[in-house]
Structures are given as C-alpha cells and as structure tokens.
Amino acid sequence: RCFRRNSVAVLATLILLSYTKVLETVITVLASTKLDIGNTTANNSVWLADGTVLYAQTTHAFLLAAGIIVTATFLIPYTTILLLAPWIQTRSHWKMFAWINKLKPFLDTYQAPFKDQYRYWPGILLMVRVVLYIVFITNEGNSINANLLAIILILSFYSIITSRLSVYKHWPLSVLENYFLINLIFLSTTLLYIKDSPSYNDDGKILLSTSGGISLVVSICIIIYHLYVQIKDIKYFKSISKIIKFNKPAIPVSIHDGFTDVSNYGSCEYREPLLED
C-alpha cells in the first residue's frame, strides 16, 4: 500500500541507488591503459580491467559501444537534469523547456529535503560520486594511499561546504549526513595512518568492523523510524474513517415514522400526507 501511494518516490530511489553501480561499470568499461612494448608500432592500448584484451577491438568493442550508449542516454541526462533542474524549471514557460513540468513529481522526490535556493544539490552529490570514481579508475598504479587521500580531501571539502551553507530544510538531515561523512573521513584517515604498520590487518579489521557496525545501527534506526511514520499514518487514516462512519446518520426504513427510504446515504425526505386535513 505504501509503495502504491509513493510509486514515483520508490522509482526515483531505485534509480539513484543503481546510479553508482552503473557509473562504476561504465567507467570501468571506458578505461584504458598502454603497455610498454618497446619501439614497436603495434597498437599497445589495452582495456584497463584486462590487459589481454585490446582496447576498442574484438570483444571490447561491444562493451565500449554499450558503455557509450548508457552514458549518453542515462548518466549524462540524469546528472544534468538534477543539476540544472531549478534553472530549467524557472524557464518552463519556454517552449523548449516545457517538458520539465512532466518530471516535477520525479524531481520533487530529490529536491524536497533541500531549501529552495539549494534544490540543485542532488546534482552536486552525483558530481562528487563521479569525481571519486574517476580518481579511483585513473589511478593506474592502484595506490591505496592515493585513493584514501582523494576520499579524505574531497569529502572534507564537501563536508565543510554543506556545514556552512546548511542546505537541508531540517537539521536532523544535516546531522545524519555530517555523521556519515565524518565517519568515512575518520576511517580513511586512520587506515592511511596505520597502513604500513605491522598490525595493519588486525587493526584494520577492528576499525572497519566498529565503523561499519555503528553505521549499520544508525541506518537500521532510520529505516525503523520511516516504518513507524508509515504505520502511524495508516492507523491515523483508519481511525479517521471509523469516526466518520460512526457519525453518519442511520437510514430510516420505516414508513410509520413519516420518512421514506432514499438511495443517498444520510439524507431523507418527508412523505406527502395520505389524507388532507
């Protein structure tokens, strides 16, 4: 029942959750590297994920075409619309931007938590993900230090900006976002510091378990709260319907009391007298 009432919100959430995985897959498909094979003039561009596959040839050509199609039809339009939607909506009276009105229920799902002047912020969140994944993929040496340093710098900058701007309408949302950001920054900083220590494996497992466990508990509390709100709303509407049904007048069915039965519930008419005085 909740899903039927919020079908647009559910669809928007599923698309947002799939965005990260699609982005990761597309960047992996498009990434390439070069092999140092001496002074030969042969093509030395290979797929970054598998050095035995030549880039844009044979099997990889189909993957490359699929990645380009997904990027052009989903990733770029989705990111651009979320980023520029407020600007386009203010010009929806233009014929070329009239289509944005049809997407309003869809966009409101993303923009509702933010203040009016920051309704473009969902697009900023997507851009942060894009930058992080590009850094991870282009890190050809697969350096853990570089990845952790990128997470620390980018998320610290983002956390400072969101704290100063106060982009959310309600402060609990800002608190939750800052908690998850600080937790991830602290985890990355600690792993960067103890990475070269002899007890890295044991300490890293303990740190990951503790940080992940706390985040999991917070996430479960958020889910329980949303379920409670939904159940509370359902009970509220049920109680209101019972009160309305209880207060409706009964249908008179007897002809001896001067009334006649009618089809409309709660309404009745007087009969004409059979004998005139």
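Aromatic rings from Tyr110 and Phe114 are positioned such that their centres are separated by 6.0 Å or more.
Between Gln111 and Tyr118, the side chains place no donor N or O within less than 3.5 Å of an acceptor N or O (distance only, hydrogens not considered). Checked by atom type, the side-chain pair Glu24/Tyr19 shows no donor-acceptor distance below 3.5 Å.
The shortest distance between side-chain heavy atoms of Tyr158 and Leu125 falls below 4.5 Å. Residues Leu184 and Leu155 have side chains in contact (heavy-atom distance under 4.5 Å, counting atoms from C-beta outward). Residues Leu30 and Ile68 have side chains in contact (heavy-atom distance under 4.5 Å, counting atoms from C-beta outward). Side-chain contact between Trp121 and Leu82 is absent, with no heavy-atom pair separated by less than 4.5 Å. The shortest side-chain heavy-atom distance between Leu107 and Gln89 falls under the 4.5 Å cut-off. Under the 4.5 Å side-chain criterion, counting only non-hydrogen atoms from C-beta, Tyr55 is not in contact with Thr33. Contact of the Ser219 side chain with the Phe180 side chain is registered, since non-hydrogen atoms from C-beta on lie closer than 4.5 Å. By the 4.5 Å heavy-atom criterion applied to side chains, Val70 and Val22 are counted as neighbours.
Using a 30° and 60° split on the angle between ring planes, Trp94 and Trp87 fall in the perpendicular class, above 60°.
Note on Leu84 and Phe97: same hydrophobic cluster, where clusters join Ile, Leu, Val, Met, Phe, Trp and Tyr whose side-chain heavy atoms are under 4.5 Å apart, directly or indirectly. Put simply, Leu165 and Ile160 are part of two different groups of oily side chains (I, L, V, M, F, W, Y) that touch within less than 4.5 Å, one to the next. Under the 4.5 Å side-chain heavy-atom criterion for grouping Ile, Leu, Val, Met, Phe, Trp and Tyr, Val130 is not connected to Ile76 through any hydrophobic cluster. Linking Ile, Leu, Val, Met, Phe, Trp and Tyr residues whenever their side-chain heavy atoms come within less than 4.5 Å places Val131 and Phe136 in a single cluster. Connection of Leu181 to Ile124 is established within a shared hydrophobic cluster, with ILVMFWY side chains joined at heavy-atom distances below 4.5 Å, either directly or through further cluster members.
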Under the side-chain contact (heavy atoms from CB on, under 4.5 Å) criterion, do Val46 and Thr52 qualify, and how do the steps go? CA-CA 7 Å; Val46 296; Thr52 62; over 6 Å; no

Can Leu48 and Ser32 be said to form a side-chain contact (heavy atoms from CB on, under 4.5 Å), step by step? CA-CA 5 Å; Leu48 182 61; Ser32 67; 5.7 Å; no

Apply side-chain contact (heavy atoms from CB on, under 4.5 Å) to the pair Ile222 and Val218, showing each step before the final yes or no. CA-CA 6 Å; Ile222 294 173; Val218 174; 4.2 Å; yes

Report the C-alpha separation of Leu75 and Leu23 in whole Å, then their side-chain angles, then the decisive distance to 0.1 Å, and conclude whether the side-chain contact (heavy atoms from CB on, under 4.5 Å) test is met. CA-CA 7 Å; Leu75 293 179; Leu23 176 65; 4.2 Å; yes

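In this structure, OG on Ser166 lies 12.0 Å from CH2 on Trp171, to the nearest 0.5 angstrom. Atom CD1 of Ile182 is separated from atom OG of Ser156 by 9.5 Å, given to the nearest 0.5 angstrom. Interatomic distance, Ile81 CD1 to Leu126 CG, rounded to the nearest 0.5 Å: 11.5 Å. Atom CG of Leu16 is separated from atom CG of Leu11 by 11.5 Å, given to the nearest 0.5 angstrom. Here the CD1-CG distance, from Ile185 to Leu153, works out to 9.5 Å after rounding to the nearest 0.5 Å. Remark: Ile220 CD1 to Leu227 CG distance equals 11.5 Å, nearest 0.5 Å.
Contact record, Tyr120 with Leu83: CB-O, 3.4 Å, taken as the closest heavy-atom pair. The minimum heavy-atom distance between Ser159 and Thr162, with the atom names listed, is O-OG1, 2.9 Å. When all heavy atoms of His60 and Val53 are compared, the closest pair comes out as CB-CG1, 3.7 Å. Taking both residues in full, the closest heavy atoms of Leu63 and Trp47 are given as CD1-CH2, 3.8 Å, listed atom of the first, atom of the second, then distance. The shortest non-hydrogen separation linking Thr79 to Met127 is CG2-SD, 3.7 Å. Of all heavy-atom pairs spanning Thr58 and Phe62, the tightest one is O-CD1, 3.7 Å.
In this structure, the side chain of Ser18 engages the main chain of Ile15 through a donor-acceptor pair within 3.5 Å. Put simply, the side chain of Arg119 never gets that close to the backbone of Lys115: no donor and acceptor are under 3.5 Å apart. Under the 3.5 Å distance criterion, the side-chain polar atoms of Asn183 are left unmatched by any main-chain donor or acceptor of Tyr179.
Among residues two or more places apart in sequence or in another chain, the salt bridge (Lys or Arg N to Asp or Glu O under 4.0 Å) test is passed with Lys102 by none.
More than 12 heavy atoms of other shown residues, nucleotides or ligands fall within 6.0 angstrom of atom NE2 in His93. Atom CZ of Phe186 sits in a sparse spot, with 12 or fewer heavy atoms from other residues, nucleotides or ligands closer than 6.0 Å.
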